[in-house]
Amino acid sequence: MANSKSAIKRVRVNERNHLRGQALRSRLKTMIKKFETTLESKDIEAAKTSLSTAYKELDKAVSKGIIKKNTASRKKSRLTLQLNKAINA
């Protein structure tokens, strides 16, 4: 257990930041799942809308330091490929 005042504060700050990051990661996963479910329902217009919200959440996660830039880029690319595949099918 932390002994000094500063160490006790760091524990509090780390816990708060951990919870914040956890919430953002969960929200990101939810948005990606929403996109995938709308894509499965063959609703292309709704899928395009949910793709843009997923993009927004990915960019927000990068700016908050939750995920790295290349990870977000890779996820965006894969989501876009899924959408294009559904459009052309």
Enquirer: What I'd like to find out is whether the side chain of K48 reaches to under 4.5 Å of the side chain of I44, using heavy atoms alone.
Expert: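 Sidechains of I44 and K48: in contact.
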Enquirer: A side-chain contact here means heavy atoms from C-beta on lying under 4.5 Å apart; do F35 and T53 qualify?
Expert: no
Enquirer: Report yes or no: does S26 contribute a side-chain atom to a donor-acceptor pair with the main-chain N or O of Q22 at less than 3.5 Å?
Expert: no
Enquirer: For a quick test of reading the model, state the closest non-hydrogen atom pair linking G21 to I66 and the distance between them.
Expert: CA-CD1, 3.5 Å
Enquirer: Which heavy atom of A54 sits nearest a heavy atom of L79, and at what distance?
Expert: CB-CD1, 4.2 Å
Enquirer: Who are the side chain to side chain donor-acceptor pair (under 3.5 Å) partners of R20, not counting sequence neighbours?
Expert: none
Enquirer: For residues D59 and K76, report the shortest heavy-atom separation together with the two atoms involved.
Expert: OD1-NZ, 2.5 Å
Enquirer: Using side chain to side chain donor-acceptor pair (under 3.5 Å) as the criterion, point out the one residue from K29, K34, R27 that pairs with E57.
Expert: R27
Enquirer: Report yes if some heavy atom in the side chain of I67 is under 4.5 Å from a heavy atom in the side chain of L28; otherwise report no.
Expert: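 SC-SC contact between I67 and L28 confirmed.
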Enquirer: Where is the tightest heavy-atom contact between S50 and A47, given as atom of each residue plus distance?
Expert: OG-O, 3.0 Å
Enquirer: Would you say the side chain of L19 lies within less than 4.5 Å of the side chain of E15, judging by non-hydrogen atoms?
Expert: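 Yes - at least one pair of side-chain heavy atoms lies under 4.5 Å apart.
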Enquirer: If we only count heavy atoms from C-beta on, is the R74 to N70 side-chain gap below 4.5 Å?
Expert: no
